[in-house]
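Order of the sequence lines sets the chain letters (A, B, ...), proteins ahead of strands, with each chain counted from 1.
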Amino acid sequence: MHKERRVISVIVKNEHGVLSRISGLFAGRGYNIETLTVAPIPNSSLSRLTIVTSGSHRVIEQIIKQLNKLIPVLKVIEHEELIEKEMVLAKVPLEERLSDVEALCRAYNGSIVNVGKDGIIVMIADEPTRVAHFIYALKNFNPKEIIRSGVVAIER
Amino acid sequence: MQQISGAQMVVEAMRKEGVEVVFGYPGGAIMNVYDEIYKHKYFQHILTRHEQAAVHAADGYARATGKTGVAFVTSGPGFTNAVTGLATAYTDSIPLVVISGQVPISMIGTDAFQEIDAVGISRPCTKHNFLVKDAKELPFILKEAFYLAKSGRPGPIHVDIPKDVTAQIAPFDYPDEIRLETYKPTYKGNPRQIKKAVAAIAEAKKPVFYLGGGIIRSGAAELVREFVAAAKIPAVETLMARGTLRYDDPMLLGMVGMHGTYAANMAMSEADLLIALGPRFDDRVTGKLSEFAKYAKIIHVDIDPSSIGKLVHVDYPIVGDLKKVLEEMVPLAKEQINPDRYESWREILKRYGELHPLKYEDSDKVLKPEWVIQRVGEKLKGKARISTDVGQHQMWTAQYYPFTRPNELITSGGLGTMGFGFPAAIGVKRGVQEEISINFTGDGSILMNIQELMTAVEYRLPVINIILNNNYLGMVRQWQTFFYEKRYAETDLSMQPDFVKLAESFGGIGYRVKTKEEFDEALDDAISKGVVALIDVVIDRYENVLPMVPAGGSLYNMMLEYKDEG
């Protein structure tokens, strides 16, 4: 069956156990979570979760319905036209060609954010496919650690 | 404002909600609440002998009365024992509020004595749950619990209260009404969809009513009867919908699914339109999905949007309370539907019914379970509530008992919980004391909550347990017969207690019967004495439940006969 990738935003009441309720729903029904980000919405008692998931049309439909069924869920937004960003933090040794690293970061909306005695830390924020390209390119500079965030998304 | 303890708030909330009975079992973490129960006699507390039974009893009470059932249990093992009850009620959409004690907040997460992550465990088997962190929140949470249990698609709500919260003093301002920003069930069906659905029925040639448990839960049975009578469209019932139509309704084809009648299953298989009122397309009903009702368009009415289109494609989805939807739908249907249109379809199904009726071979040498159930039906139909446990006896009861009204059958349909029947029947008896409470059970099932004989005797709740005893874990044995080449792995239950003495030792009455006369005498005696009873009925060891659609098979491929000589 054809699998589609979907970005879903869930607005929830910011209360005890709400995240485990949502992740439990995915785990208990065997749905897939690719990434998940969550943070409070400023000046409100709500939080916003952004979930990237994949599945057949029917599975996605069930995910939306089941999310809507949870009591603390205020709203489920299925994104169609959206801007997605992911963030990467990476540590690169000092002995690498740092000017090349910096140029690479700039190409992906990023920069060097810290310089320490063993290495530098770089940060980029870009679309998920471009993030993958960045990580691929960064491998040339022997990064010691690469940390990738989940997706945040906003409607166009 | 009144300043009272968390424990007192629990008791006061019960009074405000009009709770007349609580089933429960005390323990360390919930002692503060029990102390308040001791001081204030606002409701009756029934002490079961196991927490699982407390929740099943509250469940049976809720099913029989339509009210919300309430159970109190303590933390740790008290709560884990209650989980099967919660899951049972969740699967069948029964409104319950279950309150558990928890270790003090400061000790949560320390692996304290009798500590378990109760809300973590109950999350997937409740409609919603709460861990109360402050007594100030308690009035709102308790009100919300009762509101959530009963509204929308009903279900069990679990409230976990740490011991220090029940001791904490806080203001008690119990809300009269509750409005939740994030929870707004849809009650009214979309009028355009309703119109389209009625038009589809008017155009169909071979429509079938597919009646599900939602009818019972929403109290829509009367309207369904009216609809069926006006449209003269044949109907099938799921296990959970038994009693929606009277057993002798000419439109009723019987139960559908794995142990459904030939006519009911063929009607589903050949229909061009299913009018699905509150079922959830359980696999025990649909059989192989790709073959299920494959010529039919489907109308599905359900209050839970996630239930619609979950397993099969639905052409006319209607989200709403079944009763409210039918109030709109039935008058429209009466205008537009011509019952003559389905005449030839009714004829076909009638012939299917005559070709393969439900049948068994009666015997004078050995008691047949079907005969026993029919006999109870002849004597008590419409006068008794029938609970069941889970297994062959449950299916025979669903097939052969002449149900006359909704909620006459109380059974664990979705989860199939052995041990449900007897405690549920205790709750039923407490709820409708003027009626006789019969529990059909098996020799396997009854032993799973037999300790409740003590509860039934103590509180004078005379449930009559009819054990259809074949010395087997019968349903599993039946599957082993059909699908495992008769390798009867661990299903022989020949080793049994003396049920007569067992009943007597608890203060009830026991009977062991082997003939029709003995059965009649025992049942009459138990009814006239009004006592807690076990009637141990020795039945044919080798009787199978038929027809049967093998799991995953298609509905139209039924095993109709099987001769089993052991």
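Heavy-atom neighbours of A/I154 CD1 from other residues, nucleotides or ligands within 6.0 Å: at or below the threshold of 12. Within a 6.0 Å sphere centred on NZ of A/K85, other residues, nucleotides and ligands contribute more than 12 heavy atoms. For B/K324, the NZ atom sits in a loose shell: 12 or fewer heavy atoms of surrounding residues, nucleotides or ligands are nearer than 6.0 Å. Other residues, nucleotides and ligands place more than 12 heavy atoms under 6.0 Å from the NZ atom of B/K143. More than 12 heavy atoms of other residues, nucleotides or ligands lie within 6.0 Å of NZ in A/K144, so this atom counts as buried by the packing criterion. Other residues, nucleotides and ligands contribute over 12 non-hydrogen atoms within 6.0 Å of the NZ atom of A/K65.
Residues A/R58 and B/V312 come closest through the heavy atom pair NH2-C, 3.9 Å. The heavy-atom pair separating A/I71 from B/L148 by the smallest distance is CD1-CD2, 3.8 Å. Heavy atoms only, all atoms of each residue included: A/Q62 and B/S306 are closest at NE2-O, 2.9 Å. For the residue pair A/H16 and B/L131, the shortest heavy atom distance occurs at NE2-CD2, 3.7 Å.
Using a 4.5 Å cut-off between heavy atoms, B/N129 contacts chain A through both its backbone and its side chain. Looking at B/I157, neither its backbone nor its side chain comes within 4.5 Å of chain A, counting heavy atoms on both sides. Contacts between B/K133 and chain A at a heavy-atom distance below 4.5 Å involve the side chain alone, from C-beta outward.
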Go through it in stages, so that I can follow the logic: the residues are B/K310 and A/E61, the test is side chain to side chain contact (heavy atoms under 4.5 Å, CB included), and I'd like the CA-CA distance, side-chain angles, deciding distance and then a yes or no.
CA-CA 9 Å; B/K310 185 163 61 178; A/E61 209 177 87; over 6 Å; no

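Considering only heavy atoms from C-beta on, A/V73 stays 4.5 Å or farther from B/T182 through its side chain. Side-chain contact check for B/K127 versus A/K69: every heavy-atom pair is 4.5 Å or farther apart.
Remark: A/L74 CG to B/K184 NZ distance equals 7.0 Å, nearest 0.5 Å.
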